[in-house]
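In what follows, a single structure is set out as structure tokens and then discussed.
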Amino acid sequence: MRIYISDLSFSYDLHSLTKAFFQSEDVEVKEWGSEISNIVEAFYYRVETPDSEVREVRVENCGEDRPQFKNKIKREVYIILSELTGKKLPWGTLTGIRPTKLPMAMILDKKSDDEISTFLKDTYLVTDEKIGLSTNIAKKEVGILESLHGDRGYSIYIGIPFCPTTCLYCSFTSNAIAKWRDRVDEYINCLKKEIDYVSEQFADKVIDTVYVGGGTPTTLLPYQIDELMSYVREKLDLSSCREITVEAGRPDSITEDKLASLLRNGVTRISVNPQTMNDETLKLIGRAHSVDEFREAFFLARKYFDNINTDLILGLPGEDEAKVKYTFDEIAKL
Ligand code: SF4
């Protein structure tokens, strides 16, 4: 199906919003007529559904700045799509991945629950249920942040951009390790230079957390994990560090000597991520491991760590509610 819009700089938002109403359709975005695209005071949106239904909306700019105008456009488009499909979206016009950041900013700005609720409802058409959920989560996050060192503290993220293979849905900076294996030592040397720089620049601050992510950090060989993590410990004062996490995300990258190296270097938390407990889905999404291999890796990791995170993904291809429930049940048995 197609949508036509008069300003392509809003493509991403309107594609996401239209797709939220028509989840199984491919939505193509086209520019709507050059003869109207120069009219800056108004925005035009037209949707043509697979059933050949057509709706159009014209949104006036009454002096709003760009973020306000974008929200106004999304509300107007939401209304016609909702009428067209008979659906309401629990998160309203929000289509990003972190809805909690809106209530979080308002809590930090000392706004009341009522003010947060009114803002989310009026600006983004969010339902009461999701307003309650996002505000509660934001309050918990604020509580955690307040227990850290604020402006006197900092956290470090170290990215390892290699994985055993590339998953179908990957949107991260990651490359198959086989192609880059002979340059990993060089990469670690570059990380060491950055660690040197950080240790000098932040010498008067306190480290709250260290997170080594990616990619898949456990694609590094045991001696490379030792080299990197021992350098972190040598150069940075970790005496007040609350947590040192390393993503051992892909079960097919985990070995006993790597786990031993992580533990030896003070790592307190790892993740072993199945994403789903259905073998056919794992094949579909390009994960080169089975559910049994995940279990094996998890129980091996359990010998070394009691704080293990397991990521799951909802909405994977071919997965319905029953498959997701099966995944939850299997994870609960671990
Ligand atoms: S494990 Fe994560 S980072 Fe690596 S390819 Fe898969 S999605 Fe991308």
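Along the sequence shown, residues carry numbers from 1. Model, not experiment: these values are computed from the prediction. One-based numbering, in listed order, for ligands and for the atoms of each.
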### Electrostatic pair Arg287:Asp252 at N-O distance under 4.0 angstrom
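No, Arg287 and Asp252 are not salt-bridged.
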### Message
What I want to find out is whether Glu330 reaches Lys333 closely enough, with some N-O distance under 4.0 Å, to be called a salt bridge.
### Response
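Here Glu330 pairs with Lys333 in a salt bridge, since their nearest N and O are under 4.0 Å apart.
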### Task
Taking atom types as modelled, find out whether Ser112 and Asp114 have a side-chain donor-acceptor pair closer than 3.5 angstrom.
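No, no side-chain donor-acceptor pair sits under 3.5 Å.
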### Query
In ligand 1, which numbered atoms sit nearer than 4.0 Å to a non-hydrogen atom of Arg287?
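Ligand 1 atoms under the 4.0 Å threshold to Arg287: 1 (S).
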### Message
Within the 4.0 Å heavy-atom shell around Arg250, which atoms of ligand 1 are there?
### Response
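With Arg250 as reference, the close atoms of ligand 1 come out as 1 (S), 6 (Fe).
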### Query
What orientation do Tyr157 and Tyr211 show, parallel under 30°, tilted 30 to 60°, or perpendicular over 60°?
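The arrangement is parallel - the two ring planes meet at less than 30°.
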### Query
Any chance the rings of Phe162 and Tyr187 have centres within less than 6.0 Å?
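Ring centroids of Phe162 and Tyr187 are less than 6.0 Å from each other.
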### Message
side chain to side chain contact (heavy atoms under 4.5 Å, CB included) for Thr310 and Phe294? Distances and angles first, verdict last.
### Response
CA-CA 10 Å; Thr310 55; Phe294 158 74; 4.0 Å; yes
#### Entry: Heavy-atom pair of closest approach, residues Leu263 and Phe305
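Heavy atoms of Leu263 and Phe305 come nearest at N-CZ, 3.8 Å.
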### Message
I'd like to verify the contacts: list protein N, O or S atoms under a distance of 2.8 Å from atom 8 (Fe) of ligand 1.
### Response
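Hits for atom 8 (Fe) of ligand 1 below 2.8 Å: Cys170 SG.
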### Query
For ligand 1, which part of Thr165 has a heavy atom less than 4.0 Å away: the side chain, the backbone, both, or neither?
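For Thr165, only backbone atoms sit under 4.0 Å from ligand 1.
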